[in-house]
Amino acid sequence: MKKKLLSLFLIFSMILTGCLDEDAPKPSEKPSEEQQEESVDIDSLEGTDGTWAIYWYLCGSDLESENGCATADLSEMMDVKLPENVKIVIQTGGAAAWQNEVISKKKICRYEYSGEEFKQIDELKQANMGDEKTLEGFLEFCNENYPADHKVALFWDHGGGTPSGVAQDENYDGDTLLLPEIRKAFENTCEVSESDPPYDMICFDTCLMATIDVANIFKDVGRYLVASEETEPGTGWTYNKWLKSLAKNTAIHPAELGKIICDTFYDECKKNAIDDSVTLSVTDLSKIGPVLEAYGKFGDEALVNLMNTDSFAGEFSRAAKKSENYGGNTKKSGYSDMADMGDLAKQTAQILPESSKAVLDAISDAVIYQIKGKYKSHANGLSCFVNYSHDEELLEKYVDAAGTESFKHYYTFNLTDSLDQRGLDYVSGLLNGSEIRPKEKFNISSLENKKIKISDNTAVLNIGKKNAPNLSAVNLELYMLLDGGETILCLGTLGTADDIDADWKNGVFKENYRGVWGAIDGEPVYMEAVSSNDEYTLYQVPVKLNKKEMFLSVACDTATHEYTILGATKGLENGVASKEIIKLKNGDKITPILYAGGLYSDDVEEIEMDTVKVTSKTSFTEQELGDGKYAMDFEMIGNDGKSATSEIEMFKVKKGVMKYL
């Protein structure tokens, strides 16, 4: 059976897109000091020998049915000969098809891998891998039949962070395991204890699951959490490497094994040239209590400010937008609503001075190891929920899953202007019994078609001191005019300090546009900024990659304005990220997608631009706008996510010179 599965994998490994790249260079070095951080001397920790059992919850989803990524990881596992005291128990399901001749798509199957033998040990009726009872049944089976001195729970599939959970079953409308469901499954199958947790490691070979709320539900279940803040590439973890380390030394300390998982994962990403945007961290769950306490006080300070200061909501939202965030978080690609907790604390240090440093200190103590790519340098190892989307459904899921009270009520009040009785009681306690001051009523539609003043050939928007505190962002939207100005082609939004000179105190915004735009081999694209800091800005670019709708992740160096294509992803669906970062390869066909409509019409349609064939010289660059007519407006986003746009101002470009009409 092993040979059959392996031979099938070898065939599929040649055609996988996004899982393997056989032509990639070999890894030449370990992560640099910038890309790996270690807060304790993990190598000095001493483990204890004994039996090991890895409970692998393998929800194949479209990762397997389309690309065979689960088959690839199973084959990597079988490259390792395990000693007698190590066993891996695997439950498969969740995929409409399996790219091998062994695993059934119609049933839930359980397998044991020990020594060199891969054998089926149980078979159940088809069931939803996104249901807590399915997980509970697997954990119960493992605990009864495969007890061990060292236990590891391993989740494999898509992930969506705190609100959206993990294990997206494509046979059941993409249902996922939400955090409360995961918690119940473990509570019902083991004795939880913070002083003596039943599992050595809780592992997520998925996207977006290194969150403070995930850490919270496992703080009395496991000793260490190994997970990623950002999306993962389809290659996932390198099972033949980290399992080999365990096989060689079954007395290895769990923290050291977690470090090896991180390093081998990074090496594989580097090998495939998709390392610039990856993250993976090891968190000591015994130290999560102080993180939760610090984060709770951080939220309390934010909540009090929200109640007492009209300008605070906007200031907090703008700081959150600058924070490293994960999964995309744009209108076109969808929202995960997850951001780095440490970077959020750094960005809000001036407006939340009493609590931000404590958050950073607690995270630094709890996250004992992490790797992070060049364009995720602000990652600190644990993420938190930020309601970028202003979506009530995602917020409700967060409220159900949150490990702390304060931010539940912060985001609820900011979005809905109301609180339930529990929230009212909580806020009343923070305000020492004072009545909650109603939020000042603000209707952003009052700013619709706000006039723009042209001064010294510069567009200036003045919304006034009173309106500015009610906004979380002001962006520039750029358009190309076609058909004599009757049709507009939207190129995207700009929102960095390079593009707008923002005076939030007085509510005055001046465009600082340099007259350039992003293009792939000279073909203009639509761009949306995901986040921006002093070193780089990250963008999402909608395209068709080999006729499939995707998003290019693109990074722009702030100092040099040089761009790097990090890879292609599917974006998010219902808050769940696709576990893939596809590296472009020679021969790929990229068709940029822009959005066209009438100048005074709300109707928009997708426009496919000329297709670019990828070569070794393909690049993403800034290019000057060509001669022609263009338009620009200011997009104003309120603290509740609702938006308005200023009047449209037209300009022309001739020989590289911009002039407003």
Side-chain angles (χ1 to χ4, degrees), residues 160-164 178-180 208 210-217 219 229 288-309 312-326 329 335-349 351-352 354-360 362-363 380 382-420 422-431 436 439 472 575 639-641:
T162 291
S164 300
L178 300 178
L179 265 58
L208 304 174
T211 86
I212 180 61
D213 305 298
V214 170
N216 173 62
I217 69 167
K219 66 180 184 292
E229 292 185 87
I288 281 299
V291 182
L292 290 164
E293 182 180 359
Y295 184 58
K297 291 180 179 178
F298 180 63
D300 288 345
E301 188 181 358
L303 194 49
V304 169
N305 276 278
L306 179 68
M307 296 298 173
N308 292 335
T309 309
F312 182 78
E315 291 176 316
F316 185 86
S317 293
R318 294 192 291 275
K321 184 62 176 176
K322 293 178 182 177
S323 302
E324 194 106 279
N325 61 79
Y326 307 111
N329 291 310
Y335 292 86
S336 71
D337 281 357
M338 300 306 302
D340 185 81
M341 185 164 60
D343 202 31
L344 180 65
K346 289 177 184 176
Q347 298 293 343
T348 56
I351 59 174
L352 296 173
E354 295 179 13
S355 57
S356 56
K357 185 178 184 302
V359 172
L360 284 163
I363 295 171
N380 288 272
L382 284 173
S383 62
C384 63
F385 179 86
V386 173
N387 197 202
Y388 294 119
S389 66
H390 299 94
D391 181 272
E392 289 194 36
E393 184 178 351
L394 274 180
L395 176 58
E396 288 175 6
K397 289 181 178 180
Y398 165 69
V399 168
D400 290 340
T404 53
E405 283 285 308
S406 51
F407 276 113
K408 294 181 185 181
H409 309 310
Y410 180 96
Y411 292 118
T412 298
F413 190 74
N414 187 57
L415 184 61
T416 67
D417 295 341
S418 64
L419 291 170
D420 60 15
R422 181 172 179 173
L424 291 171
D425 292 342
Y426 188 87
V427 173
S428 179
L430 293 178
L431 299 177
I436 296 175
K439 285 175 63 177
S472 63
N639 295 327
D640 59 358

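Keep in mind that this is a model prediction, so the values were computed, not measured.
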Contacts satisfying salt bridge (Lys or Arg N to Asp or Glu O under 4.0 Å) that involve residues 288-303 (not counting sequence neighbours) are E293-K297
Mark yes when over 12 heavy atoms from residues, nucleotides or ligands other than K322 sit less than 6.0 Å from its NZ; otherwise mark no. no
Next on the checklist: Looking at K408 and E405, is there a salt bridge between them, counting it only when a charged N and a carboxylate O are closer than 4.0 Å?
Outcome noted: yes
Open item on the list: Is it the case that the side chain of N414 and the backbone of N639 share a donor-acceptor pair, with hydrogens and angles ignored and the cut-off at 3.5 Å?
Closed with: yes
*So, does T404 use its side chain to make a donor-acceptor pair with the main chain of L292 at under 3.5 Å?*
no
Tested for ring-ring contact (aromatic ring centres under 6.0 Å, His included) against Y398, the lone hit among F407, F385, Y410 is F385
Which of L179, L394, D337 passes side chain to side chain contact (heavy atoms under 4.5 Å, CB included) with S164? Answer is L394
| request: Compute whether any side-chain donor of one residue and acceptor of the other, for S418 and T416, lie under 3.5 angstrom apart. | output: yes
Correct closest heavy-atom pair for S323 and D343 would be CA-OD2, 3.4 Å
Margin query: Could you tell me if the side chain of N216 sits less than 4.5 Å from the side chain of I212, heavy atoms only?
Written below: no
task: Step by step, work out the side chain to side chain contact (heavy atoms under 4.5 Å, CB included) result for L352 and F316.
output: CA-CA 9 Å; L352 296 173; F316 185 86; 4.1 Å; yes
Check whether any side-chain heavy atom of S356 sits under 4.5 Å from a side-chain heavy atom of Q347, and report yes or no.
no
Rounded to the nearest 0.5 angstrom, the OH-CD1 distance for Y295 and I288 is 12.5 Å
Rounded to the nearest 0.5 angstrom, the CD1-CG distance for I436 and N308 is 10.5 Å
For A294 and V359 the tightest heavy-atom approach is O-CG2, 3.6 Å
Sequence neighbours excluded, the answer for side-chain hydrogen bond (donor to acceptor under 3.5 Å, both in side chains) partners of S472 is none
**Asked** Looking at side-chain heavy atoms only, is the closest gap between Y426 and S406 below 4.5 Å?
**Response** yes
Rounded to the nearest 0.5 angstrom, the OH-NZ distance for Y388 and K321 is 7.5 Å
Hey, does the side chain of N329 reach the backbone of S336 with a donor-acceptor pair shorter than 3.5 angstrom?
-> yes
Taking every heavy atom of L178 against every heavy atom of P163, the minimum-distance pair comes out as CD2-O, 3.6 Å
Taken to the nearest 0.5 Å, the spacing of H390 NE2 from Y411 OH works out to 9.5 Å
Looking at A210, is its backbone amide N or carbonyl O close enough to the side chain of S383 to form a donor-acceptor pair, meaning the two atoms are under 3.5 Å apart?
yes
For E229 and L208 the tightest heavy-atom approach is O-CD2, 3.1 Å
Value for CG (N325) from CG (D340), rounded to nearest 0.5 Å, stands at 10.0 Å
Which of L303, T309, V304 passes side chain to side chain contact (heavy atoms under 4.5 Å, CB included) with M307? It is L303
### Query
For L424, does its backbone N or O pair with a side-chain atom of H409 as donor and acceptor, under 3.5 Å?
no
To the nearest 0.5 Å, atom CD of E392 lies from atom CG of L415 at 5.0 Å
Y335 side chain near D391 side chain, heavy-atom distance below 4.5 Å: no
Checklist entry - Would you say L344 and F298 make side-chain contact, with heavy atoms under 4.5 Å? => result yes
Full working for side chain to side chain contact (heavy atoms under 4.5 Å, CB included) between N380 and M341: CA-CA 7 Å; N380 288 272; M341 185 164 60; over 6 Å; no
